[in-house]
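Positions are given from 1, in the same order as the sequence printed here. Numbering of ligands and ligand atoms starts at 1, following listing order.
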Amino acid sequence: MATHLLAVKYLNSLTWQNLIQDSLRFHKDTFNYSVTQKNKHAALLFLEPSTRTQMSFSMACHKLGLSTHYLNAGQSSLAKGESLKDTLLNLEAMGVNVAMVRLKEEKLLETIAKELTTMSLVCAGEGKISHPSQALLDACTIFEHFQKLDGLKILFLGDIEHSRVYSSNIEWMPWFNNQLFCVSPKTNGLLDIQTQKIITKDWSKELSEFDIIMMLRPQLERSADKEHFDPEKYHEIFGLTEERFRNIKSRAIFMHPGPFYPNVEFDEKLLSHKSFKIYRQVELGVFARMSLLNFVLDRRNE
Ligand code: CP
C-alpha cells in the first residue's frame, strides 16, 4: 500500500519531530541528502492557484532527483468532465510514484486515496481543512528560532474561519503543550482556543504576552461577503501596525504563510524586521517538502 500525507492529524508527535529534524538537516547540507529518489516520478496537480507551495514542491522534487510532471487542469481531461479520481488512477497507471494535489473540495482526497495502491497522495492545500506541508515549514521555522516546540504562547491573527493553514497548525501545536489564542473577524476579542473563552476585547494590549504571532490573510476567495471587504478597516482592527509592534516580547516572531496583502495584515515597513520570518518560512519550505516526500516515498511510519 502507498503511504499518503493528507493531514497532520494522521501523524504523531515523534514523526513530526523527525520530519522537522530531517528538514533542517536538508537545509544545512542539501548536497549530501540530494537525489535519494532518483528515477521516481512526481505529478503536480494544482487545481487552485499557488506560488509558494507549487514552486517549492517542484524544487524539493528536483533536489531529491524526482522527475516532475505538471498537469494543467484547464488543458486536461478534467476540463472535459473526467473526475479527479479517474485522473489520479490514470497517473498511477502511468507509473507516477507521488502526486501533490491542491484543490477546493474537502475530504475528496481521502476517498481517492483508498483507491490507490502504488501512488502516494500528498495534500498541497485542501479547502479550509488541510495544508500539512505549510504546517511543517511553520513548525521548522518555530523550532529553528526557539530550539523547542513546546511551552509557547501562540496568537493566530486574522481570518481563521477560512484558513487551512490555521486548521493544520492547530493539529500539531497541542501535541507540545502550547497555549493557543486567536483574534479574527468572527471573535469578539482575544479568544483562548482551548477554553473557548474571550480574554479581552482589546487584543493589542496583550501582544507582549505572545511568543509567536501567526498572521493570516483575509481569504476573500473563500468568503461569502467579499464585496464588503474594506482593507483599511481590516488593517485598523486586525492589522499589525508599527504602533502595535512596539509592544512585543523581544524574542517574539511574526509569521505569515503568504501571500499577503500589502499594508492590510501588517505594515509593510515591518517586513524587514528580524522578527519577521515570512521569507525564512518560504526558504525552509523547500526542505520541509523534501522531508515529506521522502517520508511518503520511503513508506516510513515511525
Ligand atoms: N502559503 C501558501 O500556500 O502559498 P501559495 O498559495 O502561494 O502556495
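- Defined by atom type and a distance below 3.5 Å, a donor-acceptor pair is missing between the side-chain atoms of Asn169 and His131.
- Not counting sequence neighbours, the partners of Asp211 by the salt bridge (Lys or Arg N to Asp or Glu O under 4.0 Å) test are Lys249.
- Between the side chains of Tyr70 and Ser58, at least one donor N or O lies within less than 3.5 Å of an accepting N or O.
- Residue contact check for ligand 1: Gly258 places a non-hydrogen atom closer than 4.0 Å to it.
- Not counting sequence neighbours, Lys107 has no partner by the salt bridge (Lys or Arg N to Asp or Glu O under 4.0 Å) test.
- The protein non-hydrogen atom at the shortest distance from atom 4 (O) of ligand 1 is Arg52 NE, 3.0 Å.
- Among all non-hydrogen protein atoms, the one lying nearest atom 6 (O) of ligand 1 is Arg102 NH1, 2.8 Å.
- For the residue pair Ser168 / Gln134, no side-chain donor-acceptor distance below 3.5 Å is found, with atom types taken as modelled.
- In this structure, the protein non-hydrogen atom closest to atom 7 (O) of ligand 1 is Thr51 N, 2.8 Å.
- The single protein non-hydrogen atom nearest to atom 1 (N) of ligand 1 is Pro257 O, 2.9 Å, given as residue, atom name and distance.
- Nearest protein heavy-atom neighbour of atom 3 (O) of ligand 1: His131 NE2, 2.8 Å.
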